[in-house]
Amino acid sequence: MAEQTADLATVWARALDDLDVTDGVVPPRTRPFLRLTRPLALYDDTALVAAPNDFVRTQLETDLRPLVTESLSRALGRDIRLVVTLDEAEPGDAAREAARLDGDAGEPVVAGTSGAAPVPDALADPPPAVLPRRTGTGREDVARPEPTRLNPRYLFETFVIGASNRFAHAAAVAVAEAPAKAYNPLFVYGGSGLGKTHLLHAIGHYAQSLYPGVRVRYVSSEEFTNDFINSIRDGRSETFRKRYRDIDVLLVDDIQFLENKEGTQEEFFHTFNTLHNQNKQIVLSSDRPPQQLVTLEDRLRNRFQWGLTTDVQPPDLETRIAILRKKAAQDGLDAPPEVLEYIASRISTNIRELEGALIRVTAFASLNRQGVDLGLAEIVLKDLIPDDTGPEITASTIMGQTASYFGISIDDLCGSSRSRGLVQARQIAMYLCRELTDLSLPKIGQQFGGRDHTTVMHADRKIRTQLPEKRALYNQVTELTNRIKSTARKG
Ligand SMILES: Nc1ncnc2c1ncn2[C@@H]1O[C@H](COP(=O)(O)OP(=O)(O)OP(=O)(O)O)[C@@H](O)[C@H]1O
């Protein structure tokens, strides 16, 4: 173990170096904090690292996780999972040390996660896991919410309202405006890609803007499960409980994944009760209404129906067009109205697919240096459009076709090799699973040898971003999509 730790120290230092040289990933003021992290141990494929405060822990578990795990995995020659715990050293020491490393004991500001509102003042005091609202003068006036891992794009302002989601949207706004006073819990359910996650994040953002200092935590039920299991393994149940109970608004996505997980259900039951008893807001999302979560314990199912249950339906044509218009404006994508209407008329059940189609069309046009018109959209979408009557596309079809296209095996796709070609093939297959199936990020991760959902998220984003820039990649993705659809059709 000692030797492993020594090795880990070297590879950890290298992983931090990798972060330093990756432009734009780590805000400069966060770097000194990262240097205060300590690798603790390597248990099989799990690297245990101590973070000096909860902010750094959250950063490592979210935005920085893909890069860090990639770097560790490359260095150690196998897929490494990262578990981050809070350092038991005096937090004030960490703060002072960070100031020293930063060479500036002045007023450092640590940028918030994912470009959200900055988390100011991280050095002024020991960073507690939960940052209470404070009164006083000067810098102490600043209420400092814990990083909430909210996606800055998922706001009420960017959410298009239509008949399909009007009620859910209104309920979400009401909950954000009066946490624990309007509906508690708010339970939002509906099919894949219909905006549930978007609404949960929007509640968090809006509540934070109305009540500075309000403590919001967003988590998927799978992350909650993993966090719970890790806390038991690391003997940190207290920290875990504080993390989920000392807050004002808890947003839990995809609660259906708690089904069949008795231990986690038990823990969640107590979390729910504690928050509800203290008049704290709980918002839950699921692919089904509570009564259809049949393998969930009765007492949880009952509690989920205490507040308001509302659904989101697939959007009608006008709403789909409006969503595409907003998306195009937001991302600076140039597409005339008739193309937006065409895409909206062809894709009706999943907004993620709708957005994916717009990205493919504009990517194709940009690669070929031509304008976006109807003819081009028809060609590009010919094979992308889901065939409603066709058979379901499965992850195994996607993985099988991707493996054979690249001349590799399924084991290679699921394995831990970090060779450039394999990593690219794996990321394309993950992206296609996200685009062509309804599987959640964690479920896709499971298909690829039990990878973490953040790895899938990273792959999906990376391929989406590169599509308009890399012709070879675009061609590979298009050809693979065709093969996968035709294989699925043949059954
Ligand atoms: N009404 C809407 N207005 C604008 N964008 C939307 C709307 N609904 C969904 N989207 C966008 O569609 C994409 C998918 O939405 P989201 O991830 O919230 O769906 P979901 O219901 O949580 O899906 P899943 O159950 O698969 O996780 C996101 O990029 C989101 O911003």
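Residues take their numbers from the sequence shown, with the count starting at 1. Both counts, for ligands and for their atoms, begin at 1 and track the order of listing. Predicted model only: the values in this text are computed from it and were never measured.
Counting only heavy atoms of the protein, atom 26 (O) of ligand 1 lies nearest to Ser192 OG, 2.7 Å. Looking only at heavy atoms of the protein, atom 30 (C) of ligand 1 is closest to His198 ND1, 3.4 Å. For atom 22 (O) of ligand 1, the closest heavy atom belonging to the protein is Thr197 OG1, 2.6 Å. Regarding atom 28 (C) of ligand 1, its nearest protein heavy-atom neighbour is Tyr154 OH, 3.6 Å. In terms of protein heavy atoms, atom 19 (O) of ligand 1 is closest to Gly195 N, 3.1 Å.
Ring-plane geometry between Tyr206 and Phe156 is classed as perpendicular, the angle between the planes exceeding 60 degrees on a 0 to 90 degree scale with a lower cut at 30. Relative orientation of the Tyr189 and Phe187 rings is tilted, given thresholds of 30° and 60° on the angle between their planes. Ring geometry, His205 versus His201: the interplanar angle falls from 30° to 60°, so the pair is classed tilted.
Proximity to Asn165 (heavy-atom distance under 4.0 Å) selects the following atoms of ligand 1: 1 (N). Close contacts between ligand 1 and Leu194 involve ligand atoms 8 (N), 9 (C), 19 (O), 20 (P), 21 (O) [criterion: under 4.0 Å to a heavy atom].
When non-hydrogen atoms are compared, ligand 1 lies under 4.0 Å from the backbone of Val160 as well as from its side chain. The residue Lys327 has no part lying near ligand 1, judged by heavy-atom distances below 4.0 Å.
The number of heavy atoms from other shown groups lying within 6.0 Å of OH (Tyr405) is above 12.
Contact detail for Gln292 and Glu259: the closest heavy-atom pair is O-OE2, 4.4 Å.
With sequence neighbours left out, His198 forms a side-chain hydrogen bond (donor to acceptor under 3.5 Å, both in side chains) with Thr158.
Look at Thr158 and you'll find a heavy atom under 4.0 Å from some atom of ligand 1. The shell of residues lying under 4.0 angstrom from ligand 1, judged by heavy atoms, includes Gly193. Distances shorter than 4.0 angstrom occur between a heavy atom of Gly191 and an atom of ligand 1.
For a threshold of 3.5 Å applied to N or O pairs, the pair formed by Lys196 and ligand 1 contains at least one separation below that value. Close N/O approach between Arg352 and ligand 1 is found [any backbone or side-chain N/O within under 3.5 Å]. An N or O contact shorter than 3.5 Å is missing between Phe159 and ligand 1 by distance.
Between Ile351, Ile323, Asp438, Thr437, it is Ile351 that holds the heavy atom closest to atom 10 (N) of ligand 1. Nearest-residue assignment for atom 11 (C) of ligand 1 (options Glu355, Arg434, Arg153; heavy-atom criterion): Glu355.
Because its NZ or CZ atom is both nearer than 6.0 Å to the ring centre of Tyr244 and within 45° of the ring axis, Arg217 counts as a cation-pi partner of that residue. Judged by the 6.0 Å distance and 45° axis criteria, Arg426 is not positioned over the aromatic ring of Phe448.
Asp254 and Ser221 share no side-chain donor-acceptor pair at under 3.5 Å.
One finds the CG atom of Leu358 at 13.5 Å from the CD atom of Glu353 (value rounded to the nearest 0.5 Å).
For the pair Arg360 and Glu435, the salt-bridge criterion is met [side-chain N within less than 4.0 Å of a carboxylate O].
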